[in-house]
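Predicted model only: the values in this text are computed from it and were never measured. Keep in mind that the numbers below use all heavy atoms, side chains included, and drop hydrogens, waters and symmetry copies. Throughout, protein chains are lettered first and strands after them, A, B, ... in sequence-line order, and every chain is numbered starting at 1.
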Amino acid sequence: MLGLDYIRKNADHVRECAQHKGENPAVVDEVLRVDEAWRAAQTEAESRREQQNRLSKEFGKTRDEALLPSMRELAASVKERMAAADELKGELDRLLLLVPNVYDPSVPLGETEDDNVVIRHWGDKPQFAFEPRPHHELAVALGMLDLERAARVSGARFAFLLGAGARLQRALIDFFLDLHTSEHGYTEVNPPYLVNSASMVGTANLPKFAEDAFRVEGYDLWLVPTAEVPVTNLHREEILEASALPLRYVAFSPCFRSEAGSAGKDTRGYIRQHQFEKVELVKVTTPETSMEEFEGLTADAERALQRLGLHYRVKAMCTADMGFAQYKKYDLEAWAPGVERWLEVSSCSVFNDFQARRANLRYRPGPGEPPRFAHTINGSGLALLRTWTALVETYQQADGSVRIPDILRPFMRGLNQIGPPA
RNA sequence: GGGGAGGUGGCUGAGUGGUCGAAAGCGCUCGCCUGCUAAGCGAGUAGGGGGUGUGAAACUCCCUCGAGGGUUCGAAUCCCUCCCUUCCCGCCA
């Protein structure tokens, strides 16, 4: 969330940002209205409390029982005023969680996803001497992927990876974790896959996006929609030493998303699932270094695509498509020649202190200095499902087999191709 | 799941109704002292919010001793519920 003080002083800017993000700017005015009412109630309640504290101390010394009736009355009045102020504060806190983050001046203004800006490409579209096939034909024929049985076992938008297909995914996970830990300085984390509501609020998945996540019935637990949630919350409620920053974590996890509103789009094949696996990069930094660390994290994710030899592009997300909590966001899209589409394999975001405020994640700039909110950054490095898909389609061969790129062979026990189909 | 013990500041740890946002120690910061270092001496050192008010300040009040509720003029301290930690038993991968 944004700081209350920031909203008070920059209401116009916050409203404008909300507008361009496609959010309702009226929430800003509600915040200001409730804030004013809360402060009035707070001041009133506190001045009575002060009086009560004073008299109570007095009574402790004198034990003058004649004071008791009026003190009882005062106590009741304080209780009443405090309750009124608390109620307003509760309302204010609830509203603050609904104010979207502002964005960086470099973010392109836009109204739809068509206004996102491609800022760079890497590699070229692979050329084929034959008609490349879509993964949901190719991989199914190779026995690597089974969507039909998954529908029977779980439902639509679930998948089985089988045999070399499962092995290929495991190889990719290993490759990503190795790359980011040994070459990019991230610490490997194996996080919980169920998190409580407070953690979901911390990363801004709650309260606004509850319908996108799966909740465990009977418990205050949610299936993680991304490892971003547990890992960003790893140091929630802590004051970190400045010397410990930046923290760099890499975590593998499955990700569970209901995304109830998105039915009909991307639901064909193995592109959008209720469960997918992902290697996630998370950084916690100081405000001074966050933009630089954000660019660095994006470059780290790109390196994974480069090593795999996948043609990709980087898009700067426009205001309308960047999301509620993000301060700036890049999407990495890999080219999938079979379905002839760009597939989003990573989304890298910097949040400034938006998540850190929600999670009360702070650091101390120096000895004796007051704590400040940290900045948080995350991005996929990479999402397995779509990387797997782009890889299979890119490295397919005329006979229906899939070549394993050199970089992955050590992770596949030297296997150099999958198939051809029997 | 059953039973016991416990959750206090950056850390360790006192504190069973008012003089306690909290002893003591460690750590840290500043100063003094000593060829340097170490040791020693002195001072300071939790977080959040409101008001007045400035370029930061300063002053002042309120809240916070796991969370929430209750008793009381007054709660770290008494009562209730919940969460977490830990030990023993059960169960289990």
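- Atom P of B:C79 sits at a distance of 15 Å from the matching atom of B:U71, rounded to the whole Å.
- For A:Arg362, a side-chain nitrogen or oxygen approaches OP1 or OP2 of B:G48 to under 4.0 Å.
- Between A:Tyr330 and A:Phe294, the ring centre distance stays below 6.0 Å.
- The nearest whole Å value for the distance from the CD atom in A:Glu237 to the P atom in B:A67 is 10 Å.
- Look at the P atom in both B:G21 and B:C82: the space between them is 30 Å, to the nearest Å.
- Following rounding to the nearest Å, A:Arg364 (CZ) and B:G27 (P) show an atom-to-atom distance of 18 Å.
- In summary, the aromatic rings of A:Phe351 and A:Phe324 are positioned with their centroids too far apart to meet the 6.0 Å limit.
- Contact check for A:Asn101 versus A:Leu2: side-chain heavy atoms found under the 4.5 Å cut-off.
- When Watson-Crick and G-U wobble pairs are counted only if both distances are under 3.5 Å, B:A5 pairs with B:U85.
- Separating the P atom of B:G47 from that of B:A23 is a span of 15 Å, rounded to the nearest Å.
- The nucleotide B:C65 finds no pairing partner, because no Watson-Crick or G-U wobble arrangement with both distances shorter than 3.5 Å includes it.
- Taking the six-membered ring for Trp and thresholds of 30 and 60 degrees, A:Tyr186 and A:His184 have ring planes more than 60 degrees apart, a perpendicular arrangement.
- B:U37 makes up no base pair with any nucleotide shown, lacking Watson-Crick or G-U wobble contacts both under 3.5 Å.
- With both pairing distances under 3.5 Å, B:A43 is matched to B:U29 as a Watson-Crick or G-U wobble pair.
- Nearer to the 5' terminus of RNA chain B, by closest-nucleotide assignment, is the contact made by A:Leu4 (compared with the other of A:Leu4 and A:Phe59).
- B:C83 atom C1' lies 11 Å from atom CG of A:Asp220, rounded to whole Å.
- You'll find a donor-acceptor pair under 3.5 Å spanning the side chain of A:Glu46 and the base of B:G49, going by distance alone.
- A close approach under 4.0 Å does occur between a side-chain nitrogen or oxygen of A:Asn53 and OP1 or OP2 of B:C62.
- Between B:C11 and B:A5, the two C1' atoms lie 22 Å apart (nearest whole Å).
- Only the C1' atoms considered, B:C83 is 14 Å distant from B:G69, to the nearest whole Å.
- Using the Watson-Crick or G-U wobble rule with both distances under 3.5 Å, B:A76 pairs with nothing in any strand shown.
- Looking at A:Thr43, its side chain has no donor and acceptor atom pair within 3.5 Å of the base of B:G50.
- No donor-acceptor contact under 3.5 angstrom links the side chains of A:Asn53 and A:Ser56, judged on distance only.
- Rounded to a whole angstrom, the distance from the P atom of B:A57 to that of B:G49 is 13 Å.
- The gap from the P atom of B:G6 to that of B:G13 amounts to 14 Å, rounded to the nearest Å.
- Pair assignment for B:C59: B:G51, on the basis of Watson-Crick or G-U wobble contacts that are both within less than 3.5 Å.
- With both ends at atom P, the span from B:G74 to B:U85 equals 35 Å, rounded to whole Å.
- With B:G47, B:G49, B:C73 as the choices, the nucleotide that has an atom nearest any side-chain atom of A:Trp38 turns out to be B:G49.
- Each of B:U71, B:C73, B:G48 was ranked by its minimum atom distance to the side chain of A:Lys79; first place goes to B:U71.
- Nearest to the side chain of A:Arg63, among B:G18, B:C62, B:G47, sits B:G18.
- Contacts of A:Leu55 with the nucleic acid, taken as non-hydrogen atoms under 4.0 Å apart, are absent.
- The side chain of A:Gln42 sits closest to B:G49 out of B:C63, B:G49, B:C73.
- Nucleic acid contact for A:Arg8: sugar-phosphate only, since backbone atoms but no base atoms lie under 4.0 Å from a heavy atom of the residue.
- At whole-Å resolution of the value, CG in A:Asp5 and P in B:A56 are 11 Å apart.
- Within the 4.0 Å cut-off from OP1 or OP2 of B:C73, at least one side-chain nitrogen or oxygen of A:Arg72 is found.
- Remark: C1' of B:C62 and CE of A:Met82 are 6 Å apart, rounded to the nearest angstrom.
- Within 4.0 Å of A:Gln52, counting heavy atoms only, lie sugar-phosphate atoms of the nucleic acid but no base atom.
- A:Glu44 CD: more than 12 foreign heavy atoms inside a 6.0 Å radius.
- For the pair A:Glu44 CD and B:G51 P, the computed distance is 14 Å after rounding to whole Å.
- Separating the NZ atom of A:Lys57 from the C1' atom of B:U19 is a distance of 8 Å, rounded to the nearest angstrom.
- The distance from atom CG of A:Leu240 to atom C1' of B:C11 is 16 Å, rounded to the nearest whole Å.
- For the residue pair A:Tyr249/A:His180, the side-chain donor-acceptor check at 3.5 Å is not satisfied.
- Between the side chains of A:Asp212 and A:Ser258, no donor N or O sits under 3.5 Å from an acceptor N or O.
- Contact of A:Arg54 with B:G74 (side chain to base): no donor-acceptor pair of N or O atoms is detected under 3.5 Å.
- A sub-4.0 Å separation between OP1 or OP2 of B:G51 and a side-chain N or O of A:Arg39 is present.
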